[in-house]
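Model, not experiment: these values are computed from the prediction. Every heavy atom of this structure was used, including side-chain atoms; hydrogens, water molecules and symmetry mates were not.
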Amino acid sequence: MPGVCWVFLLLLLFAHICDGFYLPGSYMHTYSTKDTIFAKVNSLTSIETELPFSYYSLPYCKPLGGVKKSAENLGELLMGDQIDNSPYRFRMNVNESLYLCTTSPLNEHEVKLLKQRTRDLYQVNMILDNLPVMRIAKQNGVNIQWTGFPVGYSPPNSNDDYIINHLKFKVLVHEYEGSGVEIIGTGEDGMAVFPKADKKKASGFEIVGFEVVPCSVKYDPKAMTKLHMYDKVSSVNCPLGLDKSQIIRERERISFTYEVEFVKSDIRWPSRWDAYLKMEGARVHWFSILNSLMVITFLAGIVFVIFLRTVRRDLTRYEELDKEAQAQMNEELSGWKLVVGDVFREPDCPKLLCVMIGDGVQIMGMSAVTIVFAAFGFMSPASRGMLLTGMIILYLFLGIVAGYVAVRLWRTLKGTSEGWRSVSWSVACFFPGIVFVILTVLNFILWGSKSTGAIPISLYFVLLSLWFCISVPLTLIGGFIGTRAEAIQYPVRTNQIPREIPARKYPSWLLVLGAGTLPFGTLFIELFFILSSIWLGRFYYVFGFLLIVLLLLIIVCAEVSVVLTYMHLCVEDWRWWWKAFFASGSVSLYVFLYSINYLVFDLQSLSGPVSAILYLGYSMIMAIAIMLSTGTIGFITSFHFVHYLFSSVKID
């Protein structure tokens with residue numbers, strides 16, 4: 001029975017993950033003429049502060065039935081999304097200009113809040129049929145597009161602020177005939193399959209675009225208050241002069257209106273996200289990455305070929321000698337052969353090494369599986385938060401692998417299983433504990449700012465429950481399996497007295513730190529686009545290139561670590577364990593420094609110490625995760641290389 005329960009739990013959780021994966025073109029929602037659709041609103045966001053706030057924290061019109069929150073997944077909650085219903089009503093293929101509401105006279109607090117949000121460049125994020133609203137503007141004859149529209153605007157050389165209170169929506173629709181294939185359709189409530197007999201029901205219109213032109217209009221409050229919600233009003237030509245725009249000041253009453261125009265489009269439903277996923281500087285992006293891949297592959301290949309020839313020559317010379325000649329050669333020659341009795345000596349802090357390797361395997365496995373799924377098109381940009389939700393659940397279940405790897409390495413180092421529970425517990429708590437502490441500190445800052453980015457107390461208990469009810473038990477199970485697995489046997493015996501390491505002209509950590517530059521060279525261009533998608537509100541969807549970069553990063557980390565380990569053994573330095581880990585793991589230092597560079601030079605609009613602390617906190621989490629995963633790749637490769645190298649040597 002317990003086994004059946006575990007299988008059922010696994011199926012439930014993976015079914016939840018699958019909500020975020022889809023083959024492009026398989027989800028669809030068709031509407032008939034005059035069908036009613038309501039837009040939804042997400043949190044207000046700004047690239048200046050990076051602090052999201054609720055849409056209804058500002059004096060906007062509320063729906064007739066009251067504000068209702070949409071069901072949110074774990075990833076949406078962690079990202080600070082708060083999706084609510086809105087009063088903006090659309091009727092399929094009905095062009096109309098409607099009145100929403102008029103606010104009560106603005107008080108001092110509301111005016112201060114509106115002015116602050118306007119000057120901090122906050123954007124209103126609206127969603128229709130799961131498509132974010134897009135604003136298109138021309139600058140120097142070039143079309144520039146943004147998702148969302150501003151709360152208001154501040155004219156240059158003026159202390160006045162004006163609110164956006166009139167929206168001109170353009171909804172692009174594609175007529176769908178519903179012939180020849182069965183349709184798997186979905187609204188926001190779930191999936192539905194239309195059988196062939198219901199083809200007519202499937203016919204209708206698909207929403208394939210959602211655009212807005214925002215403007216500010218000064219209305220007469222006395223005339224507007226006589227209207228009711230959804231009463232028709234006259235159309236407005238945007239933009240208007242400042243004298244006809246709605247200023248933000250005390251005692252002002254703001255009237256909100258909107259227009260809707262439906263336009264038929266040739267864009268098909270599977271292609272409706274293309275406009276959002278076009279990245280700026282696409283040509284530079286492709287050519288830069290291809291150039292990096294070619295250069296790094298070429299350099300790493302040359303280093304690896306030279307290195308293989310050197311090791312093979314050393315082994316061949318050593319094995320061709322008889323035993324007496326080998327003994328004489330050991331006395332005369334220096335190099336990796338002289339540390340044969342010390343190379344597998346237990347490293348400093350063996351428990352910490354095992355824990356970091358276990359966590360590194362867990363993080364790398366989570367990243368690799370997620371990127372592979374995304375690269376093959378199973379990750380939908382429309383499924384907000386599912387990328388993060390999927391990563392968390394993958395991390396939880398990969399605890400069994402982390403526990404196994406860490407405990408097996410512990411048995412190899414110690415020669416006994418004693419203490420495996422402590423190692424397993426440490427693996428389950430090390431990286432999640434660091435993340436938990438950083439997030440708690442950042443959360444107190446967000447709570448103080450009253451931001452929707454703050455994690456609710458209820459979500460804290462959910463995360464703790466997932467941690468201690470799934471991750472910790474699975475890690476302990478993995479550790480137990482590791483105690484039953486056969487320990488890796490060393491090919492040579494370790495001397496009782498450690499060999500003295502010769503003095504060196506320069507410290508070895510300089511070489512270790514320098515080694516991180518090569519893996520960073522494969523990563524930094526993609527890192528720029530990832531940081532831009534996180535902090536500048538852009539969509540990131542070139543997961544195919546990210547998969548290539550990941551594979552190349554794994555190869556380069558392995559090669560760099562092996563070469564550095566061999567160099568240390570050649571100068572009779574047998575303390576290679578930690579150096580193998582940090583040779584590739586040191587790339588995280590460059591990633592963190594690059595993040596600071598990005599903050600200083602590319603996020604110049606970021607204002608205030610709170611925003612900078614949030615940015616550095618999340619960058620620290622990213623750098624630690626990269627250190628553990630890349631360090632693990634380097635260590636495991638070096639361990640197998642050293643094991644192979646010394647198992648090839650004939651020793652009495």
Side-chain angles (χ1 to χ4, degrees), residues 29 31-42 44 55-56 58-68 70 83-104 106 114 123-136 148-153 162-173 187-188 204-205 207-240 244-246 248 252-265:
H29 197 166
Y31 301 92
S32 300
T33 299
K34 293 189 177 181
D35 276 0
T36 301
I37 316 144
F38 281 92
K40 295 189 175 185
V41 286
N42 204 338
L44 305 173
Y55 174 81
Y56 291 108
L58 297 180
Y60 285 127
C61 302
K62 296 183 178 179
L64 292 173
V67 178
K68 297 175 184 175
S70 296
I83 300 174
D84 302 314
N85 60 337
S86 83
Y88 288 93
R89 185 195 71 186
F90 298 78
R91 292 190 296 167
M92 179 57 69
N93 286 331
V94 178
N95 297 340
E96 51 192 352
S97 183
L98 303 175
Y99 166 80
L100 276 183
C101 75
T102 300
T103 66
S104 55
L106 296 179
L114 279 170
Q123 301 284 314
V124 177
N125 299 294
M126 200 171 285
I127 303 162
L128 183 68
D129 193 43
N130 220 11
L131 272 183
V133 70
M134 180 183 288
R135 176 167 54 102
I136 300 175
F149 57 89
V151 169
Y153 63 92
Y162 297 85
I163 189 170
I164 298 296
N165 63 334
H166 181 79
L167 302 171
K168 295 173 73 76
F169 292 110
K170 183 165 75 172
V171 181
L172 305 179
V173 294
E188 295 182 358
F205 296 91
I207 295 174
V208 294
F210 185 33
E211 299 174 6
V212 67
V213 176
C215 55
S216 182
V217 182
K218 174 70 175 174
Y219 289 109
D220 179 7
K222 290 182 180 179
M224 300 302 283
T225 48
K226 295 177 183 177
L227 299 175
H228 298 90
M229 188 176 282
Y230 305 126
D231 283 351
K232 292 189 177 181
V233 295
S234 57
S235 180
V236 176
N237 291 321
C238 297
L240 301 175
K244 296 180 181 179
S245 300
Q246 179 60 60
I248 302 173
E252 284 284 330
R253 301 188 70 180
I254 301 172
S255 296
F256 289 90
T257 56
Y258 69 102
E259 299 174 41
V260 182
E261 179 189 7
F262 286 87
V263 179
K264 289 191 177 180
S265 171

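Aromatic ring orientation, Y258 versus Y88: perpendicular (interplanar angle above 60°, classes split at 30° and 60°). Taking the six-membered ring where the residue is Trp, Y60 and Y55 present parallel rings, their angle staying beneath 30° rather than reaching 60°.
Minimum heavy-atom separation, Y56 to S86: OH-CA, 3.4 Å.
Taking E96 as the reference, R91 meet the side-chain hydrogen bond (donor to acceptor under 3.5 Å, both in side chains) condition, with sequence neighbours excluded. Annotation: side-chain contact (heavy atoms from CB on, under 4.5 Å) contacts of N237 (sequence neighbours excluded): none.
The pair K218-E252 counts as a salt bridge, with a side-chain nitrogen and a carboxylate oxygen less than 4.0 angstrom apart. Taking a cutoff of 4.0 Å between a charged side-chain nitrogen and a carboxylate oxygen, E261 and K170 do not qualify as a salt bridge.
No donor-acceptor pair closer than 3.5 Å links the side chain of D84 to the backbone N or O of V41.
The side chain to side chain contact (heavy atoms under 4.5 Å, CB included) with F210 is formed by just one residue from the set L172, I127, V133; it is V133.
Separation of atoms CG (L167) and CG (L100) is listed at 8.5 Å; rounding is to 0.5 Å. Separation of atoms NZ (K40) and CG (L128) is listed at 11.0 Å; rounding is to 0.5 Å. For the atom pair CD1 (I37) and CZ (F205), the distance works out to 11.0 Å, reported to the nearest 0.5 Å.
Checking H166 against E259 by side-chain atom types alone, a donor-acceptor pair falls below 3.5 Å. D129 and Y31 share a donor-acceptor pair across their side chains, judged by distance under 3.5 Å alone.
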